[in-house]
**Q** 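First, the structure itself, so that you have it in front of you.
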Amino acid sequence: MRTSTVLVAATVCLLVPLVSPAADPAPLLAKIKAVGTEGSGNVEAAKAWQELVKLGPGALIDTLSAFDDADPTAANWLRSAVETIADREIAASRPLPTAKLEACATDTKRNGAARRLAYDWLTRVDASAPKRLLPTMIDDPAQELRRDAVAAALQAAQTLLEKDDKEGATAALKKLLASARDRDQVDKIAEHLKKLGAPVDLAAHYGFVQRWLVAQPFDNRGGKGFAIAYPPEKGVDLNATYEGKEDAKARWQEVVTKDPYGVVDINKSLTKHMGAVAYAFTTVEAAKETPVQIRVGSKNAVKIFLNGKHLFFREEYHHGMYMDQHVGVGVLKPGRNEILLKVCQNEQKEDWAQSWSFQLRLCDAIGGAVPFKVLDEKPAETPKNKE
């Protein structure tokens, strides 16, 4: 009996790390969060990571809290530590601290990625958590959790449709639309509402700008125009006539697109050019100071300006176009604001490289349209081009 007891005890010791319950994860987390790009601090972080995971479930919540001010590189280390600790506990049939995980998952002041991670591990050991928590997350500030909440509510609305409760489904879908942020979910809701006789203004929902003043063509032969600050970048004069490419005269022309996703086809609405730069300009009014993300989609090289400040650039051509692929972060001031977009076309001759287009919307950090009004400013005389 004694020999058997010793063997069992030895086996348990191998499975359970002998760690002081008072061990403090803070110094270890600090070393992990100090890791830099290109491998700097990796050796120290790796050692700290090994010690951190030995602390077991007692370090889970501190590690999740460390996401709050961690950069993406450090966050990857922290995520790995959480997953390793949780995996080991489940493999050893030991309980996770579910109450603390739920508190983290529901704390809207915490980092969204950490909350999502806490939620995922909570649901692995508590099957009742989604039904209990998702209804409270329909307007969650963390898109990582809001998406699941919207998906659950959308399924409930579709159940009403299956029961032919059109009135109930319409009310539920309209309410849900205000919460939805991801395009696939928004488009599915809009599709249902259209069939129910309640069409959705997608451009308004997303915050797309549909009215622009466009001046082109400036010279971009050899790609030189991207780096050149042509006159509109120094200040927009709507009545100016600019010296454009090959002695062309560039003037501001109004372009209004009816595309529900705000796509402006410069070739179609104005004139096709290759090796050229176009500037798209609009003015919007905000009722109060508003943090904003200016999100752009384009197959062309772009620069984004807000009130004369350069927010973003990407010098790539014909790499595909999708909604929200380029993001400039700024602040709308109360009253009038100027938005300028530089869209550069290169000289590639392939059919797929002929596109010269863009879409732009104004939204918050999780993709909800911010309130704004497009002002009706234009040159003294300008033709209107519609798509």
Side-chain angles (χ1 to χ4, degrees), residues 143 147 180-191 200-216 220 223 225-226 232 255-270 272-274 276-284 291-306 309-330 332 337-346 348 350-370 372 374 385-387:
Q143 185 61 10
R147 178 177 174 83
R181 294 292 181 268
D182 291 334
R183 177 170 174 174
D184 61 332
Q185 293 181 328
V186 170
D187 288 356
K188 176 60 70 174
I189 294 168
E191 179 184 338
V200 175
D201 184 343
L202 286 172
H205 176 82
Y206 284 118
F208 280 111
V209 176
Q210 293 180 292
R211 179 190 172 277
W212 293 93
L213 294 167
V214 181
Q216 56 87 33
N220 191 38
F226 188 82
V255 175
V256 179
T257 177
K258 295 182 179 179
D259 185 89
Y261 301 100
V263 176
V264 174
D265 186 333
I266 300 172
N267 290 333
K268 179 181 176 181
S269 59
L270 296 173
K272 180 177 179 179
H273 290 279
M274 303 301 292
V277 174
Y279 287 96
F281 177 76
T282 192
T283 53
V284 301
V292 67
Q293 289 193 357
I294 301 180
R295 299 188 181 184
V296 173
S298 179
K299 292 182 179 179
N300 310 100
V302 300
K303 288 186 178 182
I304 303 171
F305 302 83
L306 173 61
K309 182 179 180 181
H310 186 198
L311 299 185
F312 177 91
F313 73 91
R314 179 66 54 81
E315 190 177 9
E316 292 181 3
Y317 293 90
H318 306 297
H319 43 77
M321 175 177 172
Y322 54 90
M323 186 171 146
D324 298 349
Q325 69 190 116
H326 308 306
V327 180
V329 179
L332 296 178
N337 295 267
E338 296 186 354
I339 298 171
L340 181 70
L341 182 67
K342 184 176 188 176
V343 188
C344 301
Q345 170 65 304
N346 66 2
Q348 289 179 247
E350 296 88 351
D351 289 343
W352 49 265
Q354 303 306 298
S355 176
W356 196 17
S357 61
F358 69 91
Q359 58 180 182
L360 182 149
R361 72 186 187 109
L362 307 179
C363 62
D364 59 25
I366 60 171
V370 300
F372 69 91
V374 177
N385 299 276
K386 293 185 177 181
E387 295 185 17

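If you're wondering where the values come from, they're calculated on a predicted model, not measured in any experiment.
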**Q** Check step by step if side chain to side chain contact (heavy atoms under 4.5 Å, CB included) holds for His273 and Asn220.
**A** CA-CA 10 Å; His273 290 279; Asn220 191 38; over 6 Å; no

**Q** Please tell me if the side chains of Thr282 and Leu341 come closer than 4.5 Å, counting only heavy atoms from C-beta onward.
**A**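 No, side chains not in contact.
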
**Q** Taking the side chain as every heavy atom from C-beta outward, state whether Thr257 and Ser269 have any pair of such atoms under 4.5 Å apart.
**A**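 Not in contact.
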
**Q** Looking at every heavy atom in both Ala278 and Ile266, which two are closest together, and how far apart are they?
**A**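 In terms of heavy atoms, the two residues are closest at CB-CD1, 3.9 Å.
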
**Q** Side chain of Glu316, backbone of Lys299: donor and acceptor closer than 3.5 Å?
**A**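 It does not hold such a pair.
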
**Q** Relative to Tyr261, does Arg183 satisfy both conditions: NZ or CZ under 6.0 angstrom from the six-membered ring centre, and within 45 degrees of the ring's axis?
**A**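 Geometry flag: set, cation within 6.0 Å and 45°.
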
**Q** What is the minimum heavy-atom distance between Gln345 and Ser355, and which atoms define it?
**A**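 It is NE2-O, 3.1 Å.
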
**Q** Taking atom CD of Gln293 and atom CZ of Arg295, what is their separation to the nearest 0.5 Å?
**A**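 Output value for this atom pair is 4.5 Å.
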
**Q** For a quick test of reading the model, state the closest non-hydrogen atom pair linking Glu315 to Tyr317 and the distance between them.
**A**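 Smallest heavy-atom distance, with atoms named: CG-CE1, 4.4 Å.
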
**Q** Do side-chain atoms of Lys342 reach the backbone of Gly225 as a donor and acceptor pair under 3.5 angstrom?
**A**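 Yes, because the side chain of Lys342 sits within donor-acceptor range (under 3.5 Å) of the backbone of Gly225.
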
**Q** Please tell me if the side chains of Arg147 and Asp184 come closer than 4.5 Å, counting only heavy atoms from C-beta onward.
**A**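 When only atoms from C-beta onward are counted, Asp184 and Arg147 do touch, with a gap below 4.5 Å.
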
**Q** Where is the tightest heavy-atom contact between Phe372 and Val284, given as atom of each residue plus distance?
**A**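 Smallest heavy-atom distance, with atoms named: CD1-CG1, 3.8 Å.
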
**Q** Heavy-atom distance under 4.5 Å between the side chains of Val214 and Leu270, does that happen here?
**A**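 The answer is yes; the side chains approach within 4.5 Å.
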
**Q** State, yes or no, whether a side-chain contact exists between Phe281 and Glu338 at a heavy-atom distance under 4.5 Å.
**A**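 They are in contact (side-chain heavy atoms under 4.5 Å apart), so the answer is yes.
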
**Q** Between Val329 and Leu311, what is the shortest heavy-atom contact and its length?
**A**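 What the structure gives for the nearest pair is O-CD2, 3.6 Å.
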
**Q** Answer with yes or no whether the side chains of Tyr206 and Asp324 bring together a donor and an acceptor at under 3.5 Å.
**A**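 Result is no, nothing qualifies.
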
**Q** With the side chain counted from C-beta on, respond yes when Cys344 and Asn300 share a heavy-atom pair under 4.5 Å apart, and no when they do not.
**A**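 Not in contact.
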
**Q** Can you tell me how far the NZ atom of Lys303 sits from the CZ atom of Phe226, to the nearest 0.5 Å?
**A**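 These two atoms lie 5.0 Å from each other.
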
**Q** For Ile304 and His310, which heavy atoms make the closest approach, and how far apart are they?
**A**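 Where Ile304 meets His310 most closely, the heavy atoms are O-CD2, 3.5 Å.
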
**Q** Under 30°, 30 to 60°, or over 60°: which ring-plane class applies to His326 and Phe312, parallel, tilted or perpendicular?
**A**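 It falls in the tilted class, 30° to 60°.
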
**Q** So does Met274 get a backbone contact from the side chain of Trp356, meaning a donor-acceptor N/O pair under 3.5 Å?
**A**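 It does not hold such a pair.
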
**Q** Go through the side-chain N and O atoms of Asn346 and His318 and say whether any donor and acceptor fall under 3.5 Å apart.
**A**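 Short answer, yes.
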
**Q** Taking C-beta and beyond as the side chain, do Ile294 and Leu362 meet within less than 4.5 Å on heavy atoms?
**A**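 Yes, their side chains come closer than 4.5 Å.
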
**Q** Can you confirm whether Val264 sits close enough to Val343 that some side-chain heavy atom of one is under 4.5 Å from a side-chain heavy atom of the other?
**A**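 Side chain of Val264 against side chain of Val343, heavy atoms only: no contact under 4.5 Å found.
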
**Q** Check for a donor-acceptor pair, side chain of Gln325 on one end and backbone N or O of Gly320 on the other, with a separation under 3.5 Å.
**A**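 Looks like yes, one N/O pair under 3.5 Å.
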
